[in-house]
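Read through the structure below, which is laid out as structure tokens, and then see the notes.
Keep in mind it's a predicted model, so treat the numbers as computed, not measured. All ligand and atom numbering here is 1-based and tracks the order in the structure.
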Amino acid sequence: MSCQKRSKVLSFFTDFFTYETTKSVVVKSWSVGIINRIVQLLIIVYFIGLVPVCLCKAYQNIDTGIESAVMTKVKGFGLYNNQVMDVADYVVPTQGASVFCIITKLIVSENQTQSFCMFRPAHACFRCSDLLTPASDVQTCSRLLQMFRPAHACVKTWFPSLLLYFRSPMKEAENFTIFIKNSIRFPMFNVTRGNFPSNIDEKYIKTCKYDPVHNPSCPIFRVGDILKYTNESFNTIASTGGEIGINVGWVCDLDQSEEECKPSYSFTRLDDVFQDNKVSKGYNFRFAKYFRSPDGTEYRTLHKAFAIRFDILVSGKAGKFNAVPTVINVVAAFTSVGLGTVLCDLILLNFLKGAEQYKAKKFEEVRKRSPALPDVPGEPTTP
Ligand SMILES: *[C@@H]1O[C@H](CO)[C@@H](O)[C@H](O)[C@H]1NC(C)=O
């Protein structure tokens, strides 16, 4: 190995094992100094004070994948159209799911049968049995009717048709109560909770009514109160129908006792956006009950029901201390303090008096001295 090669290798190593450090320029200027400290202070205050409070615990692991099960039970008696209505009459579906309807108004059309009707000029209707004895097949019946009134279309339909007359809603529905049983689980931390304490006594649960101030943990809600919280009038919503959301929100800090992990309830009218529409206001649906007369004719009773539909929506998140987000946020805090420098440099080098001087100090120019070319006279060169 030649001597020259060896010295090259040596210089490579000596160049590699070095430490570089940045040279600082200290600027004794009040204005930049004050700006620098203020910016640093703001960043520190943000990370120490605001991040844990506003961004919901930057030092915690957050679980938003809440698992939930809801069971409901409605109670109360109503009086409608001289008939007593109990839960089996006015709750649809009856299984006690998280979505259910309380029927508040019913329009009933009794003893409908399949008949041939002419829609013009009037609702004139013929039963085949009125024309033929015994009733033959549909085609014959239809042909016969066409012969009677050739100018008019004749269709087979349920008759008499539903007459939409005004009915007032069931007033007692205002006093019905809804019992909500909600159990949830945060899978990340394997924490299970219920929406009311397990040590609640029977007497309390039989008598209590939910109230956001005096009784926030009672799981029994009066329909009238729910409508009051959504600023809806009972009479309006009960006669047109509507959709109400009951939100069960779980925001839990599991660094505290699990007992503190309680739900909070809020209420909204979900179909509010359609209230100013000309069409499809409110909520209604139809259902029928079928029966057969002794002579074999099928009858039905058709109901048009106006109902308040309740949707129970469960959402939530839980947080628990974890080292990883804590370290990430602390590191982020320390690095962001450096942001102050960027801002101060910008001001220092562009807007301040004497910016040129600062620039010259900060960016020191070093030129490579070439022995072949003579130095430009008058211009200082770095040694
Ligand atoms: C609801 O209950 C209250 C108190 O029990 C009663 O005064 C009121 O008349 C009831 N409302 C209806 C519509 O039945």
Below 3.5 angstrom, do we get any N/O pair linking N175 and ligand 1? yes

With a cutoff of 4.0 Å, is K171 in contact with ligand 1, counting heavy atoms of the residue only? yes

Do Q60 and D253 come within less than 4.5 Å of each other through their side chains, counting heavy atoms only? yes

Counting only non-hydrogen atoms of the protein, does one fall under 4.0 Å from atom 4 (C) of ligand 1? no

Can you name the residues that form a salt bridge (Lys or Arg N to Asp or Glu O under 4.0 Å) with E260, not counting sequence neighbours? none

Report the C-alpha distance between R269 and D272 in whole Å, list the side-chain angles of each, state the deciding distance to 0.1 Å, and finish with yes or no for salt bridge (charged side-chain N to carboxylate O under 4.0 Å, His left out). CA-CA 6 Å; R269 175 143 191 196; D272 220 7; 5.1 Å; no

Would you verify that at least one protein heavy atom lies under 4.0 Å from atom 9 (O) of ligand 1, or report that none does? no

Quick one: is the NZ or CZ of R300 closer than 6.0 Å to the six-membered ring centre of W158, and within 45° of its axis? yes

